[in-house]
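Notes to accompany the following structure.
This structure is a prediction, so every number in the text was calculated from the model and none was measured.
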Amino acid sequence: MTDLFSKFDPLIQQREDLLATGVTDPFSLVMERVVSPTVAICNGRETILLGTYNYMGMTFDEDVIAAGKDALEKFGSGTTGSRVLNGTYQGHKECEDALKEFYAMDHAMVFSTGYQANLGIISTIAGKGDYVILDIDSHASIYDGCAMGNAEIVAFRHNDVEALEKRLKRLPPEAGKLVVLEGVYSMLGDIAPLKDMIRVSKEAGAMVLVDEAHSMGFIGENGRGVAEAQGVLDDVDFVIGTFSKSVGTVGGFCVSNHPKFEILRLVCRPYVFTASLPPSVVATAATSIRKLMHGSNKRAHLWENSKTLHKGLRDLGFTLGTEEPQSAIIAVIMPDLEKGAMMWEALLEEGLYVNLARPPATPAGMTLLRCSLCAEHSIEQVGEILGRFERAGKRVGIIG
């Protein structure tokens, strides 16, 4: 009998070799208690959180928590049904209304996760005989949406406008085409040149979907993302986002001005055949989204944190994923997986949690430590973070 797990043997061996060096498993950390958006107790030690995607620090917002408690008491713990059956409560409509107001768009659909939003929208609107043109560094949920819809996948070099244009020109002019882009790419924290990419996409007759998971709430005058910041939001056909980053809870969404958008509620399988989010979750999401509409001061502080940390790490001698800070994500490039795991463990011992990322999730075979800043990090905490990076980096030998 063929062991269906044999395909994973190289990864199993890599993990065993890594743990044999004596380092802590960097992918099984347990937070015993979360104190605030920026601090948790890990291994019995107070730890600064720098790897949570909690960009705007909404997880402990008093109004958000109160809204969740109220909905839990009034509507119970769950819906036990999909949105098209018994799973649409008043809170789901209020959450979609908040999204429509936030983006100033006509339509909004809420999904159970951001992954399902990409999976559902892409697989439903681009099917067999259609083409999905995407950045080679696209998120797994984007690739999975393409596979589920059975569309032809055409990948282009990361953030390369000319490569995108060449791919589009090779496709049949009469074919259905969907260009999928991300505002911020989550591994290196770099932003896409959306203005030029959307221009060449529209010239080729393609529709455009932009995943703003890592920019919503933070980037843009109103926090609507990179498309807003670059002045092209009105040219985007579909915006995908998640509640598990700046919004501070769980769930996903798509907003659009397409006049036929509402039919997706009847034909999008990850929407039709999945239980809807619990009432307490959509209540927290709606409250958070409405507060993010007035979050300009928090956005400004988060930008200052990003600039300070980026410059500080570069001055210490670390190699970073971008020349300048482009988002709330700062990637610190490691020489290899073993050194990366040692550095991750050294930082944890210093009381600092970051994400260790490795291939195939990372581009170009990189191993990196991914730092995601929060608007609730104080100036003093950013200073402490730099001190802990310096001590850990010297101990491991990453910096001199």
Side-chain angles (χ1 to χ4, degrees), residues 28 30-37 40 52-103 107-124 139-141 144-145 148 211 213 216-217 239-256 261-292:
S28 62
V30 175
M31 296 184 186
E32 293 125 36
R33 185 163 66 91
V34 181
V35 179
S36 73
T52 64
Y53 291 149
N54 192 5
Y55 300 129
M56 298 296 282
M58 300 302 290
T59 50
F60 277 81
D61 182 271
E62 292 181 0
D63 296 328
V64 170
I65 292 174
K69 287 180 176 179
D70 184 59
L72 185 63
E73 291 177 354
K74 290 181 178 177
F75 293 95
S77 60
T79 64
T80 69
S82 79
R83 288 292 304 276
V84 296
L85 297 175
N86 61 291
T88 295
Y89 288 18
Q90 181 63 27
H92 295 90
K93 302 302 291 182
E94 290 174 359
C95 188
E96 289 173 343
D97 287 344
L99 283 166
K100 287 188 286 186
E101 185 177 345
F102 184 90
Y103 282 98
H107 306 282
M109 279 176 70
V110 166
F111 290 79
S112 296
T113 65
Y115 176 93
Q116 285 187 307
N118 267 330
L119 189 71
I121 296 297
I122 294 171
S123 66
T124 304
H139 190 267
S141 61
D144 291 351
M148 181 173 167
D211 184 332
M216 183 249 188
V239 174
I240 295 285
T242 180
F243 296 155
S244 61
K245 309 297 187 284
S246 287
V247 178
T249 179
V250 68
F253 66 87
C254 179
V255 294
S256 175
F261 184 83
E262 291 299 318
I263 194 61
L264 292 177
R265 296 186 191 276
L266 300 180
V267 295
C268 180
R269 292 168 69 87
Y271 179 89
V272 173
F273 295 102
T274 303
S276 65
L277 288 169
S280 56
V281 170
V282 287
T284 58
T287 304
S288 179
I289 291 164
R290 293 196 181 280
K291 294 198 74 168
L292 289 176

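Nearest heavy atoms, Ser276 versus Thr79: OG-OG1, 2.8 Å. Residues Thr249 and Ala285 approach most closely at CG2-CB, 3.8 Å, considering heavy atoms. Of all the heavy atoms in Met58 and Val247, the pair that sits closest is CB-O, 3.5 Å. Contact detail for Ser288 and Ser246: the closest heavy-atom pair is OG-O, 4.3 Å. Residue Ser112 comes nearest to Thr274 through the heavy atom pair OG-CG2, 3.6 Å, listed as atom of the first residue, atom of the second, then distance. Closest approach of Pro37 to Asn54, counting heavy atoms only: CB-ND2, 3.4 Å.
Atoms CG and CZ, from Leu266 and Arg83 in turn, are 12.0 Å apart once rounded to the nearest 0.5 Å. In this structure, Lys291 NZ and Glu62 CD are separated by 8.0 Å, a value rounded to the nearest 0.5 Å. A distance of 12.5 Å separates CD1 in Ile240 from CE in Met216, rounded to the nearest 0.5 Å. Note that CZ of Arg269 and CG of Leu119 are 10.5 Å apart. Values are rounded to the nearest 0.5 Å. Atoms SG and CD, on Cys254 and Glu96 in that order, are 10.5 Å from each other to the nearest 0.5 Å. Taking CG from Asp211 and CD1 from Ile121, the interatomic distance works out to 11.5 Å, rounded to the nearest 0.5 Å.
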As a quick check of understanding, evaluate side chain to side chain contact (heavy atoms under 4.5 Å, CB included) for Asn118 and Phe111, giving each step before the final call.
CA-CA 9 Å; Asn118 267 330; Phe111 290 79; over 6 Å; no
Under the side chain to side chain contact (heavy atoms under 4.5 Å, CB included) criterion, do Leu264 and Tyr271 qualify, and how do the steps go?
CA-CA 9 Å; Leu264 292 177; Tyr271 179 89; over 6 Å; no
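Aromatic ring pairs are classed by plane angle as parallel below 30°, tilted from 30° to 60° and perpendicular above 60°; the pair His92 and Tyr89 is perpendicular.
Each of Thr59, Ile65, Asp63 was evaluated against Asp61; a single residue qualifies, Asp63, per the side-chain contact (heavy atoms from CB on, under 4.5 Å) test.
For Phe253 and Tyr103, the distance between ring centers is under 6.0 angstrom.
With His139 contributing its side chain and Tyr115 its backbone, the two residues share no donor-acceptor pair below 3.5 Å.
The closest side-chain heavy-atom distance from Val110 to Phe243 is below 4.5 Å.
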